[in-house]
Visitor: 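Dropping the structure in here first, questions after.
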There are 2 protein chains.
Amino acid sequence: MPKSTTPAPPRAKRADARRNEKSLLNAAAEVFVSSGVEAPIRDIAKAAGVGTATIYRHFPTRAELIIAVYRHQVDALAEDGPRLLRETDNAYDALRTWVDRFVDFLVTKHGLAAVLQSTDTCFDPLHDYFLDGVVPVCSHLLDAARESGEVTSEIDGIHLMRAIGGLCAGATDAHDYDARAMVDLLVTGLRARV
Amino acid sequence: MPKSTTPAPPRAKRADARRNEKSLLNAAAEVFVSSGVEAPIRDIAKAAGVGTATIYRHFPTRAELIIAVYRHQVDALAEDGPRLLRETDNAYDALRTWVDRFVDFLVTKHGLAAVLQSTDTCFDPLHDYFLDGVVPVCSHLLDAARESGEVTSEIDGIHLMRAIGGLCAGATDAHDYDARAMVDLLVTGLRARV
DNA sequence: AAATATACGGGACGCTGTCCCGTTTAACAA
DNA sequence: TTGTTAAACGGGACAGCGTCCCGTATATTT
């Protein structure tokens with residue numbers, strides 16, 4: 001008879017593994033800034049001083065590495081939604097402010113917007129993360145703005161976010177292209193017709 | 001002394017070269033439909049029954065192949081602008097109709113919108129082609145709509161087109177995503193505030 | 001029919017993501 | 001402290017892709 005129903009993992013994670021994961025996260029964050037989120041795996045591994053297999057072992061897909069690097073900021077974005085709704089008189093203004101923050105996040109993460117609209121299955125974990133974490137927040141804001149009568153469009157959160165991603169994906173380096181202005185136009189279009 | 005100031009090209013293009021170029025164009029059109037405009041060069045070459053070097057020789061960059069395949073449709077789009085402006089009472093409606101046609105074009109060419117917002121230098125000829133051929137048309141429509149007072153936004157043609165491209169890039173296969181609806185929102189946002 | 005430039009096909013090269021394999025080393029036990 | 005074991009490691013093999021060269025075939029001209 002087994003000595004326990006819950007076998008209790010025999011060993012904790014090794015110290016060097018924990019250390020490597022941190023190095024990897026820091027290195028990835030730096031490389032993402034300089035070369036974008038689609039930088040070659042080898043570059044990130046080199047920056048962290050590890051082999052390619054190590055990064056692949058810790059983060060099986062690129063999406064998981066990206067999530068790990070940006071988790072805090074994305075979570076903060078998700079928490080911002082309800083707060084803005086509470087602290088702002090106008091639901092539409094809350095939506096507008098939140099969307100602005102989302103755009104700020106996207107345009108400062110080179111290539112992230114493009115990755116969000118990629119259909120490569122490699123990025124599915126990232127899509128799921130956004131789908132679970134931030135899309136509901138956007139939908140909620142949208143619903144509130146609709147209830148208050150300021151938004152008439154029947155668009156739902158995921159489509160709005162997809163569109164915003166698309167508008168921001170064009171802002172890779174063309175500095176004369178202002179993604180914020182475009183998203184502003186889009187959000188303006190959400191309001192009731194004249 | 002040279003016998004002429006204009007040396008006159010000594011030979012016409014070879015018959016097999018002309019034939020191959022046509023096969024290539026047809027094959028590329030088919031492959032683009034089934035696999036998108038970023039299909040591997042080898043696939044297109046195989047479909048045309050030629051070697052990879054042949055396609056590379058006729059169309060040094062992928063962009064030039066894409067241009068050759070869609071030239072007629074893009075040119076038609078460019079001609080539509082002035083015509084719509086003439087035949088439509090309202091400049092804003094003309095803009096709206098033209099944008100609709102542009103969206104129709106983009107969403108039926110798998111991956112083309114994504115390519116339009118790529119910064120890969122390989123696609124520069126394609127960007128230039130649009131910049132010279134259709135962006136001025138869009139700008140013209142926009143100017144007309146501004147003169148008639150229906151559009152207040154100071155956005156210029158290239159940015160609007162970039163934005164439309166971004167909105168359409170998300171429509172790769174997610175059939176629940178309606179690029180037209182999103183572009184409609186954007187164009188609605190162009191109009192004067194309430 | 002012979003000569004020649006043009007076009008051809010296939011393969012080599014470099015880059016990338018993916019993943020396996022022999023070796024190292026941290027964690028645990030005696 | 002020292003031996004054992006499993007976790008983690010690094011580097012390299014492999015495949016897919018774009019790019020481009022080179023020896024060969026052929027359309028065109030004389």
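We name chains A, B, ... by the order of the sequence lines, and we start the count at 1 in each one.
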Visitor: Who passes side chain to side chain donor-acceptor pair (under 3.5 Å) against B:S35, sequence neighbours left out?
Guide: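 By the side chain to side chain donor-acceptor pair (under 3.5 Å) rule, B:S35 matches no residue at all.
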Visitor: What residues form a side chain to side chain donor-acceptor pair (under 3.5 Å) with A:N26, not counting sequence neighbours?
Guide: none
Visitor: Between B:H58 and C:dC8, is there a side-chain N or O to OP1/OP2 distance below 4.0 Å?
Guide: yes
Visitor: For DNA chain D, what residues of residues 30-55 of chain A have any heavy atom nearer than 4.0 Å?
Guide: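 The stretch gives A:R42, A:G49, A:V50, A:G51, A:T52, A:A53, A:T54 as the residues lying under 4.0 Å from the strand, ordered by number.
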Visitor: Count the heavy atoms of every other residue, nucleotide or ligand shown that sit under 6.0 Å from NE2 of A:H140, and state whether that count exceeds 12.
Guide: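 Check fails, neighbour count at 12 or below.
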Visitor: Atom CD of A:E64 and atom C1' of C:dG17: how far apart are they, to the nearest Å?
Guide: 15 Å
Visitor: Distances under 3.5 Å only, N/O to N/O: pair up the protein atoms with those of nucleotides 26-28 of chain D.
Guide:
{"from": "D:dT26", "atom 1": "O2", "to": "B:R14", "atom 2": "NH1", "distance (Å)": "3.3"}
{"from": "D:dT28", "atom 1": "OP1", "to": "B:A15", "atom 2": "N", "distance (Å)": "3.2"}

Visitor: Evaluate side-chain contact (heavy atoms from CB on, under 4.5 Å) for B:R180 paired with B:V107, printing each intermediate quantity in order.
Guide: CA-CA 9 Å; B:R180 279 184 200 80; B:V107 298; 3.9 Å; yes
Visitor: Under a plain distance cut-off of 3.5 Å, with no hydrogens placed, do A:H159 and A:D156 share a side-chain donor-acceptor pair?
Guide: yes
Visitor: Please list, chain by chain and in numerical order, all residues satisfying side chain to side chain donor-acceptor pair (under 3.5 Å) with B:Y129, sequence neighbours excluded.
Guide: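 Expected list: B:D75.
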Visitor: Categorize A:R62 for me: base, sugar-phosphate, or nothing, with a 4.0 angstrom heavy-atom threshold over every strand shown.
Guide: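 Sugar-phosphate, no base atom in range.
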Visitor: Take atom CG of A:D120 and atom C1' of C:dT16, then tell me their distance rounded to the nearest Å.
Guide: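 Rounded to whole Å, this separation is 13 Å.
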Visitor: Write down the distance between NZ (A:K22) and C1' (D:dA8), rounded to a whole number of angstrom.
Guide: 18 Å
Visitor: Does a nitrogen or oxygen in the side chain of B:N20 sit under 4.0 Å from OP1 or OP2 of C:dC8?
Guide: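 Checking C:dC8 against B:N20, a side-chain N or O does come within under 4.0 Å of OP1 or OP2.
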Visitor: Within a reach of under 6.0 Å around CG of B:D120, are more than 12 heavy atoms found that belong to other residues, nucleotides or ligands?
Guide: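 For B:D120, atom CG is crowded (more than 12 foreign heavy atoms under 6.0 Å).
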Visitor: For A:R83, check side chain to side chain donor-acceptor pair (under 3.5 Å) against everything at least two apart and list the hits.
Guide: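 Testing A:R83 for side chain to side chain donor-acceptor pair (under 3.5 Å), a comparison that skips the adjacent residues, returns A:D80.
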